[in-house]
Amino acid sequence: MADAADRTDTRYHPVDIEGKWQARWEAENLFARKDPAGPEKSYVIEMFAYPSGDLHWGHVRNYTIGDTFARYQTARGRNVFHPFGFDAFGLPAENAAIKRGIPPADWTYSNIANMTGQLKRLGYSYDWDHTLNTCDPEYYRWNQWLFLKFFERGLAYKKRSYLNWCPEDQTVLANEQVVNGACERCGTPVVKRELSQWFFKITDYADRLLDNHSQLDWPQPVIDMQRNWIGRSTGALIDFALDAPFEGENLSVFTTRPDTLFGVTYMVLAPEHPLVQRVREAFPAESDRIQAFVDEVAHESEIDRTAEDRPKVGIPLPISAVNPANGERIPVWIANYVLVEYGTGGVMAVPAHDERDFAFAKAYGLPIREVIRPAEGAPSAELAEAYTAPGVMADSGPFTGVSNEDGKGKVIAWLEGQGKGKGTVNFRLRDWCISRQRYWGTPIPILYCDRCGIVPVRAEDLPVTLPTDVAFTGKDNPLATSAAFVNATCPKCGGPAKRETDTMDTFMDSSWYFLRYLNPKDDGKAFDAADVEAWMPLDMYVGGREHATMHLIYARFFTMALHDMGLLTFDEPFRRLFNQGILTQGGSKMSKRGNATPPNQLLDKYGADACRLFILFVAPPEERTEWNEAGVEGSFRFLSRVWRFVTQERRPGGAFAETDEPVRRVLHRTIQKVTADLDGLRYNTAIAAMMELMNALSGAELSDAAHSEAAEALCQMLAPFAPHFACETWERLGHAETLYRGAWPAFDAELARENEVEVVLQINGKVRDRMTIPAGVSAADLEAMARSNDKVLAALNGKQIRKVIAVPDKLVNVVIG
RNA sequence: GCCGAAGUGGCGGAAUGGCAGACGCAACGGUCUCAAAAACCGUCGGGGGCAACCCCGUGCGGGUUCGAAUCCCGCCUUCGGCACCA
């Protein structure tokens, strides 16, 4: 590119102005956090970035939506806080270390530097004095502090359970990180392993996570996804008495269909159910046979386990139980279709009214007893499939003849009266497993002492920093390879202790970063109560829908837990959420995993402003759209035309001419529309409206006054979209102050109103004529005009006018028949 | 299977009960130029007609309405989420 000095033309050259304004903004400290007192505060962020290496157009779309929103809020006079940071822990850094021998920290910090440069080049209005990287000890020490708080409250606990294990990444995964039975990150099929891990008690908050949805200004699909994920079911816990050798003990099961209790013909336990091992001990002769089946199921991968056509298999156990409803003895089986993690890990089987139980009973010749019948029609001879629709209870003792919906509550009450069961709710949501056997994360601040057991690190000893003398083999937990890290002293007894070598799930980092943004350099506390009180909750959170059941649930849980600890006064972090639509490339999502296009080339060629404008113009921000760079040219052309218009040589001042009126009407209508569209985040149509305005201005003869009015309004309207361009043209119009705060054009309502309208004349719903008339002509007058219209008279031809529908300023429809 | 979103020109999209295709891209024709770029002007859903005009057209089939891309019922397709959750 040539220097500005070489040019003789006065055309729009973005490279000449973008660096200049970025430097100016920085020198003026324009984007510094404002005082939250005074006009309404507006805390706006986009979901922070994983430092994967390069920005791609998907990021550009996300951040441009947020920046346009933030800049518009400022233009409207609000006090905006708009920070950015990096979600810097995670596996890719560690994989780079394993594959290329680069320390994870080096890889991460160099990516952060690179991406920060790209973000600055795009001219986003971030307050870089309030940034954070989650891999800094100054950040993660507060993760550890928060972990200790959760531990004190009993919200963090260690337990042994069956967990998702990724053999490739050599770590456990949360349920949320298993996608179609495979590791969300590397795609390797996940297997179940019994392991001892750290959990957060998110299930304590299941009901609140659902109930609070009504307070949130969020896209409904995200709320629906969370509701599905949490999966609340209402039903009953029912106790089935066990026979010898477990007499006196109960087998408790969860069911949503207590109304089918009289139809139970067997019971099924998950192979991992604790009772199974006790049965093996009680029946040594059966032990090997049982264990063989348990092993067979356990070794299936998660993909095989969840396959749709997976056959249901099981074996009977040498024990039986008693149906509390009718005293009947029924067999107890173990089978692969019962999940240990849900409910009690065992079910009562009602083959007549449950598809799974039906298939299993058919396969193993177990009895099928029909106890719900359709309200009308004769009882069927033999069921061909499970009957799961509503009906009337049959062969159900005192409940026979009751509708099954009423029966649910009645059976529960009856069981409660006898102490054999109770109504309850059950959730699909599991506690959040937060420990990972990886290096590049926050060390869990826990010690294991032979004498004192599990001992938390003292708060004053934080941070527990990541050691650098570790070996990355891709197999063992790297922290365990640092003797200096592992060997520690017990703070309770002073004896030798071993450090926990697991690190935290990185979703821990993102669960509270929006609190830390306010005081990222404060080394005395995790966050400042007064600042949090002043700025939280977030007024706008912009990010992708893929976080619906992960980050967005975890962060809500965190906020609720901190609220209950008295650390926050609110319990929902994100008042308003906006999901940008995904950007596809070749039909699939643009992402760091393959098909991403970086913005650099187009930035070089057209500048940041044209790129920003284009990414908002292509589609409504919430819609998925296919990336096609061909259109950037159009945005650049538009800015070039505005440039030429605004930079015309004009004398300042003067009066409006009569001939200005039509164009001024367009201008004021445009200001009205752009304002409304920005309020509704309809950026694509706002830009289209400005283009239409430019088209109207192009051919018009304008007075100096009208030219100046239009030029200033255009600069102001473009400011949130094309900030460098707007600042430069604003300056060239003679303004000394940088165009940023409180500079939004007002529209004259009188001028914005249409004075002349084209009214469509329809005959039997088809357009037959158009009439240009003054706005506001009444329906009665329109009808009279229609009745005397030539086309109507010609169409009549002996027929009659049956009806006339007149909509002022829109149309008249004459129905002839 | 369950929950959700979406289907409109060659392309991205506009119009959410009232002129379908705004705005932009691409394409085509023209002006300017020695030439090119840039810029500007024009054409641009399909069919018919010399023409004024006419007919068809918003995934498919019905319906409501004076009038439906838009509302209702039933399908199809694509995408996202959940899925042996008892």
Side-chain angles (χ1 to χ4, degrees), chain A residues 9 11 179-180 219-229 231-233 235 253-257 260 268 270 305-308 310-312 335-339 341-350 353-357 359-360 426-430 545-546 548-549 579 581-582 584 587-589 613-614 617-620 622-635 637-638 640-641 644 682 684-695 698-699 758-770 802-807 809-817:
Chain A
D9 63 79
R11 280 183 292 161
V179 178
N180 295 327
Q220 191 59 39
V222 175
I223 289 176
D224 291 344
M225 281 163 74
Q226 291 200 342
R227 192 176 291 140
N228 269 339
W229 184 262
R232 186 180 202 272
S233 305
V253 295
F254 174 73
T255 181
T256 55
R257 294 297 303 274
T260 63
V268 194
R305 264 189 165 227
T306 53
E308 213 161 317
R310 184 198 195 203
K312 292 177 175 44
N336 64 347
Y337 75 99
V338 174
L339 308 173
E341 316 99 78
Y342 187 75
T344 64
V347 300
M348 61 179 220
V350 188
H353 305 296
D354 181 277
E355 285 163 17
R356 298 152 300 182
D357 297 340
F360 192 76
N426 209 6
F427 296 92
R428 214 196 65 101
L429 183 73
R430 312 283 152 77
R545 189 162 295 179
E546 68 275 14
T549 57
N579 279 148
I582 61 172
T584 59
S588 57
K589 184 187 171 185
L613 202 62
F614 176 64
F617 179 62
V618 273
E622 69 278 11
E623 295 291 334
R624 136 193 291 265
T625 191
E626 172 75 10
W627 171 245
N628 176 6
E629 66 176 48
V632 186
E633 179 84 36
S635 296
R637 280 203 279 257
F638 165 63
S640 300
R641 293 177 70 199
R644 259 179 282 132
R682 292 184 295 271
N684 55 324
T685 50
I687 294 165
M690 289 187 278
M691 288 173 166
E692 286 182 71
L693 170 63
M694 191 59 238
N695 290 344
S698 289
E758 191 177 73
V759 169
V760 170
L761 178 83
Q762 293 184 338
I763 298 175
N764 291 343
K766 303 211 177 215
V767 180
R768 283 296 177 269
D769 203 1
R770 292 152 210 278
R802 298 201 177 271
K803 199 170 179 181
V804 178
I805 292 100
V807 183
D809 299 344
K810 288 259 165 81
L811 58 50
V812 202
N813 187 12
V814 182
V815 185
I816 293 174

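Letters A, B, ... mirror the listed sequences (proteins, then strands); counts begin at 1.
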- To the nearest Å, give me how far apart CG (A/Leu761) and P (B/C66) are. 18 Å
- Sugar-phosphate, base or nothing in reach of A/Asp224, heavy atoms under 4.0 Å: sugar-phosphate
- Message: Both distances below 3.5 Å, Watson-Crick or wobble geometry, any strand: find the nucleotide opposite B/A5.
- Response: B/U78
- Item | Under 4.0 angstrom between A/Thr685 side-chain N/O and B/A22 OP1 or OP2 | no
- Would you mind telling me which of B/C55, B/G81, B/C11 lies closest to the side-chain atoms of A/Met225? B/G81
- Message: Is A/Thr549 close enough to B/G81 that one of its side-chain N or O atoms is under 4.0 Å from OP1 or OP2 there?
- Response: no
- Can you tell me if the side-chain N/O atoms of A/Arg428 get under 4.0 Å from OP1 or OP2 in B/A83? yes
- Note on the structure: A/Ile582 atom CD1 is separated from B/A6 atom C1', nearest whole Å, by 12 Å
- Rounded to whole Å, CZ of A/Arg641 lies from P of B/A38 at a distance of 15 Å
- Please figure out whether A/Lys766 or A/Ser635 has its closest RNA chain B nucleotide nearer the 5' end. A/Ser635
- Query: Could you walk me through whether A/Arg430 and A/Glu341 pass the side-chain contact (heavy atoms from CB on, under 4.5 Å) check?
  - Reply: CA-CA 8 Å; A/Arg430 312 283 152 77; A/Glu341 316 99 78; 3.2 Å; yes
- Task: May I have the distance from A/Asn228 (atom CG) to B/G80 (atom C1'), rounded to whole angstrom?
- Result: 12 Å
- Message: Please confirm whether the shortest side-chain N or O distance from A/Arg768 to OP1 or OP2 of B/C54 is below 4.0 Å.
- Response: yes
- Note on the structure: If pairing means Watson-Crick or G-U wobble with both distances under 3.5 Å, then the partner of B/G17 is none
- How far does the C1' atom of B/G63 sit from the matching atom of B/G80, given to the nearest Å? 31 Å
- Query: With respect to the phosphate group of B/C25, does any side-chain polar atom (N or O) of A/Arg637 fall under 4.0 Å of OP1 or OP2?
  - Reply: yes
- Between A/Asp357 (side chain) and A/Val350 (backbone), is there a donor-acceptor pair under 3.5 Å? yes
- Task: Using a cut-off of strictly less than 4.0 Å, decide whether A/Arg644 has a side-chain nitrogen or oxygen near OP1 or OP2 of B/A38.
- Result: no
- Roughly how many Å is it from CG in A/Asn628 to P in B/C25, rounded to a whole number? 12 Å
- Query: Please give, in whole Å, the distance from B/U16 C1' to A/Arg682 CZ?
  - Reply: 12 Å
- Message: Can you see if the side chain of A/Lys312 gets near the phosphate of B/C84 - specifically, an N or O under 4.0 Å from OP1 or OP2?
- Response: no
- Item | Plane angle bin for A/Tyr337 and A/Phe360 - parallel if under 30°, tilted between 30 and 60°, otherwise perpendicular | tilted
